[in-house]
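Residue numbering restarts at 1 for every chain, and letters A, B, ... go by the order of the sequence lines.
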Number of protein chains: 2
Amino acid sequence: MPYRQTERVKLRLAATRVQLLKTARQIVMESGFAGLTIARLATRAGVATGTVYRYFPSKDDLCLEVFRRACDREAELAWQEARGSGPADQRLAAAIRVVATRAMEGATAAYPIVAEPAGDSLERERRVYRENWSNAFAHAIRAGITDGVFPKQDADISAACITGAILEALIAPLSQVDTARHTPRTVDGIVRFAMAGVRYPSDSEAAA
Amino acid sequence: MPYRQTERVKLRLAATRVQLLKTARQIVMESGFAGLTIARLATRAGVATGTVYRYFPSKDDLCLEVFRRACDREAELAWQEARGSGPADQRLAAAIRVVATRAMEGATAAYPIVAEPAGDSLERERRVYRENWSNAFAHAIRAGITDGVFPKQDADISAACITGAILEALIAPLSQVDTARHTPRTVDGIVRFAMAGVRYPSDSEAAA
DNA sequence: CAAAGAAATGAACATAAGTTCATTCTTTTT
DNA sequence: AAAAAGAATGAACTTATGTTCATTTCTTTG
């Protein structure tokens with residue numbers, strides 16, 4: 001029994017794996033998923049191209065994991081706010097704000113994550129991610145309807161609208177170059193718009 | 001002087017060009033820009049691959065033209081409504097509705113056009129397209145502010161929010177498979193949300 | 001009909017990126 | 001230290017597409 005993987009090696013392997021994921025994330029933040037090639041990743045991480053395949057079965061899998069890691073934390077934050085204990089409308093506003101603010105601050109990272117062209121599997125995953133956001137919003141909206149602070153409405157549609165509003169107003173412009181365009185006022189504008197959208201009834205119902 | 005391009009030939013060439021564009025559009029509607037390859041296009045249009053390059057200098061140029069043709073009509077329709085003559089709020093609602101409805105009906109192969117992963121040049125062009133929509137909305141919003149039917153607000157942000165809301169609520173799900181998910185009620189939901197967003201002031205201003 | 005110039009052709013080429021695998025280097029155990 | 005097993009390597013392979021160009025076919029004119 002001349003060789004068995006020892007603890008030390010196990011740790012080193014895990015460290016390399018994490019290193020690869022971190023490097024991949026850096027590259028994606030700089031150049032998007034389009035700029036993430038195995039060769040580039042390997043060089044930057046200081047390993048050979050073949051080595052990458054000892055840690056990830058395919059590029060797709062690698063991308064997925066990079067993506068998930070980036071997303072999980074974001075979605076969790078939104079849910080924390082949405083689930084919170086205060087009045088439903090304040091919770092919704094807080095959830096919107098946290099998503100919008102973080103997206104704005106992490107400007108470069110945000111675009112590839114939520115919008116950049118990428119492969120099929122990523123596209124599917126991205127939907128999951130957005131839906132996670134939307135679901136957090138919908139959760140708060142439903143609570144608000146129950147509590148009577150929001151009028152009756154299709155919470156899923158409103159939530160999707162909010163997600164879309166954030167992405168478009170905040171992130172889509174980043175595909176261009178003017179990163180400096182956004183200010184905290186932009187987030188305020190989005191929150192205001194979204195909250196009004198949820199809070200006020202339609203013309204017909206308002207008239208009724 | 002043994003050969004000069006005659007009128008008949010000129011027409012035939014023009015016809016082939018249009019045929020290529022139409023076929024390309026079909027392919028994009030079916031399989032997205034990712035599915036648009038020169039080989040496939042040539043085969044479907046009944047010409048050789050080399051022939052395509054007698055009509056378009058590169059695939060990028062071809063894609064751009066396909067894209068522009070699809071977009072121009074849509075943007076024009078939105079502007080028609082936004083520029084109309086009625087009250088500003090009704091114009092805005094009409095513009096939103098026309099964009100949302102047409103997208104829903106798939107009139108434009110909405111998903112590939114507004115959201116599908118594609119090359120760099122297309123991405124830039126897509127921004128232009130979305131901004132065109134947003135600008136139409138912003139136009140009506142500004143008019144509404146002037147007329148006093150909308151409270152003071154950043155028209156550009158609100159307009160971007162509207163565009164995003166439409167895309168997310170309506171089109172993004174199309175990247176999945178459940179096309180039949182949407183009903184006219186979905187459009188109503190979007191319009192309601194968007195109109196409330198523009199129409200009602202922020203909490204602080206409402207309280208003031 | 002013959003000649004000359006366009007137009008069409010499609011096989012061949014170029015490129016780029018993901019993936020493989022025979023080989024080499026490391027680590028562990030006796 | 002030697003042997004065995006694992007890990008790393010990176011050049012070569014594969015595949016997929018965009019693009020070219022020598023050749024063929026068509027169209028016009030004298």
Side-chain angles (χ1 to χ4, degrees), chain A residues 1-21 23-24 27-28 30-67 112 116-122, chain B residues 1-21 23-24 27-28 31-67 116-122:
Chain A
M1 206 191 274
Y3 179 91
R4 300 264 311 192
Q5 190 178 63
T6 193
E7 200 58 28
R8 190 168 67 87
V9 172
K10 224 175 242 170
L11 286 176
R12 197 195 65 205
L13 293 191
T16 302
R17 194 167 196 285
V18 170
Q19 183 54 40
L20 283 172
L21 285 168
T23 306
I27 293 174
V28 168
E30 289 169 19
S31 339
F33 283 101
L36 179 61
T37 66
I38 302 293
R40 199 171 162 196
L41 168 61
T43 303
R44 275 256 295 256
V47 300
T49 58
T51 305
V52 175
Y53 284 85
R54 298 189 55 76
Y55 292 89
F56 304 93
S58 75
K59 191 197 175 183
D60 251 37
D61 291 82
L62 168 67
C63 285
L64 263 183
E65 199 157 338
V66 170
F67 183 81
E116 191 221 351
D120 247 19
S121 48
L122 259 197
Chain B
M1 207 193 274
Y3 180 91
R4 300 268 302 198
Q5 189 180 63
T6 192
E7 200 60 27
R8 189 168 66 87
V9 172
K10 224 175 244 170
L11 286 177
R12 198 196 64 204
L13 293 189
T16 302
R17 194 167 196 286
V18 170
Q19 183 54 40
L20 282 172
L21 285 168
T23 307
I27 293 174
V28 169
S31 340
F33 283 101
L36 179 61
T37 65
I38 302 293
R40 198 172 163 195
L41 168 62
T43 303
R44 275 254 298 255
V47 301
T49 60
T51 306
V52 175
Y53 284 86
R54 297 190 56 76
Y55 291 90
F56 305 93
S58 75
K59 190 195 176 185
D60 250 36
D61 290 82
L62 168 68
C63 284
L64 261 183
E65 198 157 340
V66 169
F67 183 81
E116 191 222 350
D120 247 20
S121 49
L122 260 196

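- Across residues 41-51 of chain A, A:G50 each have a non-hydrogen atom less than 4.0 Å from an atom of DNA chain C (numbered order).
- Atom CD1 in A:I38 sits about 17 Å away from atom P in C:dC21, given to the nearest Å.
- Side chains of A:L64 and A:D60 form no contact here, defined as non-hydrogen atoms less than 4.5 Å apart.
- Residue A:L36 contributes atom CG, which lies 12 Å from atom P of C:dT19 at whole-angstrom precision.
- Considering only the side chain of A:Y55, D:dA8 comes nearest among D:dT19, C:dT19, D:dA8.
- A residue-by-residue look at B:R12 and B:S58 shows that B:S58 has its nearest nucleotide of DNA chain D further toward the 5' end.
- Distances were taken from every side-chain heavy atom of A:K59 (C-beta onward) to each of D:dA7, D:dT28, C:dA17; the shortest belongs to C:dA17.
- Where B:T37 and A:T16 each meet DNA chain D at their nearest nucleotide, the meeting point lying more 5' is that of A:T16.
- Here CG of B:L20 is found 12.0 Å from CZ of B:R54. Values are rounded to the nearest 0.5 Å.
- Put simply, CG on A:L11 is 15 Å from C1' on C:dT27, counting in whole angstrom units.
- Between the CG atom of A:L62 and the P atom of C:dG18 there is a distance of 10 Å, given to the nearest Å.
- Taking atom NZ on A:K10 and atom C1' on C:dT27, their separation rounds to 15 Å, with Å as the unit.
- The distance between atom CG of A:L13 and atom P of C:dT28, rounded to the nearest whole Å, is 11 Å.
- A distance-only check finds no donor-acceptor pair linking the side chain of B:T6 to the backbone of B:V9 [under 3.5 Å].
- One can place CZ of A:R40 at 19 Å from P of D:dG10, the figure rounded to the nearest angstrom.
- Nearest heavy atom pair, residue B:L13 against residue B:Q5, reads CD1-NE2, 3.2 Å.
- Contact between the side-chain N/O atoms of A:Q5 and the OP1/OP2 oxygens of D:dA7 is found at a separation under 4.0 Å.
- Of the inter-residue distances, the one linking B:R44 atom CZ with B:Q19 atom CD reads 10.5 Å to the nearest 0.5 angstrom.
- By the 4.5 Å heavy-atom criterion applied to side chains, A:L41 and A:V47 are not counted as neighbours.
- The separation between A:Q19 atom CD and D:dA8 atom P is 13 Å, rounded to whole Å.
- Contact of the B:Y55 side chain with the B:L21 side chain is not registered, since no non-hydrogen atoms from C-beta on lie closer than 4.5 Å.
- A close approach under 4.0 Å does occur between a side-chain nitrogen or oxygen of A:R8 and OP1 or OP2 of C:dT28.
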